[in-house]
Every structure is written in structure tokens, then in C-alpha cells.
Amino acid sequence: MPELPEVETVRRTLAPVVGATVTKVWHSGFPLHLNRPVDIRGLRRAAGAPFARIDRIGKFLLVYFDDRPELAVVHLGMSGRLRVFEPGAGEVPHTHVVWSLGDGRQVRYSDPRRFGFVGVARVGAEREHPSLADLGIDPLTDGLSGAALHELTRGSRQPLKVFLLDQRKVAGIGNIYAAEALWLARIRPTVRAHRLSARRAAALAAAIGSVLDHAITRGGTSLRDFVNATGNPGDYRKHLRVYDREGQPCPRRGCAGAIRRIVSQGRATFYCPRCQQY
DNA sequence: AGACAAACCTGTCTGC
DNA sequence: TGCAGACAGGTTTGTC
């Protein structure tokens with residue numbers, strides 16, 4: 001489900017809980033990511049403190065609490081949702097963590113597939129958390145220049161689309177936006193990363209920024225599951241140019257090639273063989 | 001290094 | 001209608 005634009009949309013729509021005090025933290029008892037247990041004792045140390053601010057690095061949300069030395073680290077995996085519920089809201093299946101607030105609202109983390117992650121990191125030492133330690137450049141927060149992307153691609157013989165999914169290089173791009181950015185830059189997903197010229201790297205960096213910005217403007221992409229923290233889906237699906245459009249005509253003006261689906265490193269990969277020639 | 005498969009899970013859709 | 005199988009926005013781990 002969630003890539004950088006969706007996670008950023010969740011971050012922004014969580015704003016209404018900033019300032020509200022956490023009274024209680026509950027956990028279902030189920031393990032999440034990789035069957036690892038949730039540190040519920042750590043999460044409970046937020047009780048008594050108000051939500052301070054919510055940051056994002058790549059696909060991770062960082063939830064801070066006033067005057068607390070620890071923060072919550074949240075990854076939505078494939079099917080995770082972080083939502084604000086008004087007092088008296090009905091139960092949601094597959095709910096795994098609940099922050100109850102003093103005003104009766106709740107912030108709930110639900111995740112049917114349990115591929116997501118909820119953990120605890122130390123304020124000021126966020127990057128010591130194993131999930132955050134190796135994350136690369138965040139295109140939105142840090143800015144991704146053509147020169148930086150070109151430098152990162154040196155020495156990698158991976159297909160460029162596989163390279164873009166590596167969170168240690170660029171953090172936040174997933175299967176949808178890798179395909180969309182490569183289409184916009186007219187670059188074939190199978191091109192080896194080290195073959196990228198400085199000029200093409202600049203075009204790709206710009207395409208990544210453009211696609212992510214546009215998707216955030218539309219509230220992210222909802223293929224089926226994704227909703228933001230207020231329960232609303234994103235609108236970017238109708239702007240997708242190649243993802244999940246196998247056999248359909250390429251939307252590029254004057255192209256009209258047929259979108260092709262291949263499998264790259266086990267993931268569906270969509271591109272136009274006619275206009276993505278580089 | 002990198003290519004692959006499997007693993008972690010549930011839900012949904014397709015085809016027979 | 002029912003059921004098996006494929007597939008899904010992610011990441012880690014192990015093997016070759």
C-alpha cells in the first residue's frame with residue numbers, strides 16, 4: 001500500500017491529534033513485522049504525554065511526545081493504517097496498537113497482513129534505530145539532486161527499477177512510483193543503474209520529485225486499501241500512467257505504445273517499450 | 001555484487 | 001456456487 005506520498009499524507013492528516021494527551025496505549029499481543037514482538041512496554045511510556053509532532057523519513061513515521069525521551073516509529077507495510085477515531089467509534093478488525101487520548105479520541109494502528117512495524121526509538125538518536133539507520137536520501141525532505149542520484153548509481157549494476165526500490169539509496173520510493181518516475185523520465189526499468197548518464201540522472205531525479213509531489217497533492221494512491229488518518233482514500237490512481245495498466249495505450253502524447261508488464265526481482269514492473277527507450 | 005526464492009500474513013479477484 | 005490459485009502498495013533472510 002503505502003509509499004512516500006501515502007505516508008506523507010497520513011503524516012499530514014494526523015495533525016489534529018498534535019497537542020492531545022495520550023492516556024493509555026493498548027496492544028493486541030500479536031507480533032508484527034517479521035514475527036517480531038511489539039515493544040508495548042516502550043510504547044506505554046508515552047502515556048501521560050501529549051503528541052508533539054510527527055515526522056517522516058522515507059516510509060517511516062516518527063511520532064514524538066512532549067518531554068519524552070522516546071518516540072514511536074511506525075511503518076505501514078502493505079496493509080497498515082494509522083487512523084484517528086472519534087469517541088465511540090466502532091471496532092476495526094486487525095487493530096494492533098491503540099493510543100487513547102484524553103479527549104476520548106483514539107489513534108489506531110490496524111494491519112491485516114501484519115507486515116507493518118511499530119517500534120520505539122530514542123529522541124536525538126533516531127538513526128541508531130535499526131529500521132532507520134540505513135535509510136538513504138528522502139527526496140521530499142532532503143531533496144534529491146541529479147548529481148546526488150548520479151553519484152548513488154555509480155557502481156551499481158542492478159536494473160534501475162530495482163535500484164530505486166532500495167531504501168538505503170533513496171528512501172520512500174515503492175513499486176508504483178518507481179514505475180511512474182521511470183516512465184516520466186523515459187527510462188527503461190531494466191537499464192543498469194551505472195549506465196545512467198549525468199543528464200539522465202538529472203531527468204530521473206526531477207521525475208521522482210515531480211511524481212511524488214503530484215501524488216501528495218492528490219492525497220496518495222488508493223488501489224484498494226489505502227486511507228489517510230481521517231479515513232479518506234487518495235485520488236492519484238487516476239493519474240497513474242503505467243502502473244497496473246498492462247496492454248493499455250501509453251498516455252504519452254504521440255506515443256500510443258502498449259504498456260508492458262514484466263517481473264523484475266519478483267515484482268510487477270510496468271513500462272512503455274515504445275517511448276521508454278533509454 | 002546480484003539474482004532468486006521464500007518467509008512473514010490476510011483479503012480479493014480470476015478462472016475453471 | 002465453490003474452490004484453488006494467483007496476486008497485492010514491503011522488507012528481511014538465506015542460497016546459489
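Please read these numbers as outputs of a predicted model, since none were measured by experiment.
Protein atom CZ of A:F117 is 13 Å distant from nucleotide atom C1' of C:dT12, rounded to whole Å. Across the protein-nucleic acid pair, A:L164 atom CG and C:dG9 atom C1' stand 16 Å apart, rounded to whole Å. Rounded to whole Å, atom C1' of C:dA6 lies 13 Å from atom CE of A:M78. Nucleotide C:dG10 holds its P atom 10 Å from the OH atom of A:Y177, rounded to whole Å. Rounded to whole angstrom, the span from the CG atom of A:D244 across to the P atom of C:dA8 amounts to 8 Å. The distance between atom CG of A:N175 and atom C1' of C:dG10, rounded to the nearest whole Å, is 10 Å. The separation between A:L132 atom CG and C:dT12 atom P is 11 Å, rounded to whole Å. Going from atom CD1 of A:I216 over to atom C1' of C:dG9 covers 15 Å, rounded to whole Å.
Listed pair A:Q265 / B:dC4 fails the phosphate criterion, with no side-chain N or O lying under 4.0 Å from OP1 or OP2. The side chain of A:K59 places an N or O atom within less than 4.0 Å of a non-bridging phosphate oxygen (OP1 or OP2) of C:dT11. Distances shown here put a side-chain N or O of A:Y243 below 4.0 Å from the OP1 or OP2 atom of C:dG9. Look at A:R157 and you won't find any side-chain N or O under 4.0 angstrom from OP1 or OP2 of B:dA3. For B:dC4, the OP1/OP2 oxygens have no side-chain nitrogen or oxygen of A:R267 closer than 4.0 Å.
Across all strands shown, A:R168 has no heavy atoms under 4.0 Å from either base or sugar-phosphate atoms. A:G266 comes within contact range of no nucleotide atom at all, as no heavy-atom separation falls under 4.0 Å. Nucleic acid contact for A:S222: base, since at least one base atom lies under 4.0 Å from a heavy atom of the residue. At the heavy-atom level, A:R36 lies under 4.0 Å from the strands shown only through sugar-phosphate atoms.
The same atom, P, is picked in C:dT12 and in B:dG11; the two are 24 Å apart, to the nearest Å. Taking atom C1' on both C:dG9 and B:dA3, the two are 23 Å apart, rounded to the nearest angstrom. When the P atom is used for both B:dC9 and C:dC3, the distance is 25 Å, rounded to whole Å. The gap from the C1' atom of B:dT10 to that of C:dT1 amounts to 23 Å, rounded to the nearest Å. One P atom belongs to B:dA6, the other to C:dG5, and the distance between them is 15 Å to the nearest Å.
The side-chain heavy atoms of A:L212 and A:P5, taken from C-beta on, include a pair separated by under 4.5 Å. A heavy-atom distance below 4.5 Å is found between the side chains of A:L4 and A:R56. Two residues are said to be in side-chain contact when any heavy atoms from C-beta on lie closer than 4.5 Å; A:T221 and A:R237 meet this criterion. No side-chain heavy atom of A:E3 sits under 4.5 Å from any side-chain heavy atom of A:F226.
Each of C:dC7, B:dG2, C:dG9 was ranked by its minimum atom distance to the side chain of A:R261; first place goes to C:dC7. For A:Q158, the side-chain atoms get nearest to B:dA3 when compared with the rest of C:dG9, B:dA3, C:dT11.
Judged as a side-chain contact (heavy atoms from CB on, under 4.5 Å), and not counting sequence neighbours, the contacts of A:P50 are A:T21, A:D66. For A:A20, the side-chain contact (heavy atoms from CB on, under 4.5 Å) partners are A:L101, A:D103, A:R105, not counting sequence neighbours. Judged as a side-chain contact (heavy atoms from CB on, under 4.5 Å), and not counting sequence neighbours, the contacts of A:R186 are A:R200, A:R252, A:C275.
DNA chain C forms stems at B:2-8 with C:10-16, B:10-16 with C:2-8, each a run of 3 or more consecutive Watson-Crick or G-U wobble pairs whose two key distances fall under 3.5 Å.
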Next item on the list: List the steps and the verdict of salt bridge (charged side-chain N to carboxylate O under 4.0 Å, His left out) for A:E8 and A:R11.
Entry: CA-CA 5 Å; A:E8 175 64 16; A:R11 188 190 77 78; 3.1 Å; yes

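Evaluated for a side chain to side chain contact (heavy atoms under 4.5 Å, CB included) with A:I208, the options A:L140, A:I173, A:L182, A:D213 yield exactly one hit, A:I173.
Between A:F117 and A:F60, the ring-plane angle classifies as perpendicular under the 30° and 60° cut-offs.
Sorted by first and then second residue, the pairs that involve residues 32-55 of chain A and meet side-chain hydrogen bond (donor to acceptor under 3.5 Å, both in side chains), not counting sequence neighbours, are A:R45-A:E70, A:R53-A:D55.
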Polar-atom pairs under 3.5 Å, protein N or O versus N or O of nucleotides 8-11 of chain B: list them with distances, or write none.
{"residue": "B:dC8", "atom": "O3'", "partner": "A:N35", "partner atom": "ND2", "Å": "3.1"}
{"residue": "B:dC9", "atom": "OP1", "partner": "A:N35", "partner atom": "OD1", "Å": "2.7"}
{"residue": "B:dC9", "atom": "OP1", "partner": "A:N35", "partner atom": "ND2", "Å": "3.0"}
{"residue": "B:dC9", "atom": "O2", "partner": "A:R113", "partner atom": "NE", "Å": "2.9"}
{"residue": "B:dT10", "atom": "O4'", "partner": "A:P112", "partner atom": "O", "Å": "3.4"}
{"residue": "B:dT10", "atom": "O3'", "partner": "A:H94", "partner atom": "NE2", "Å": "3.3"}
{"residue": "B:dG11", "atom": "OP1", "partner": "A:H94", "partner atom": "NE2", "Å": "2.8"}

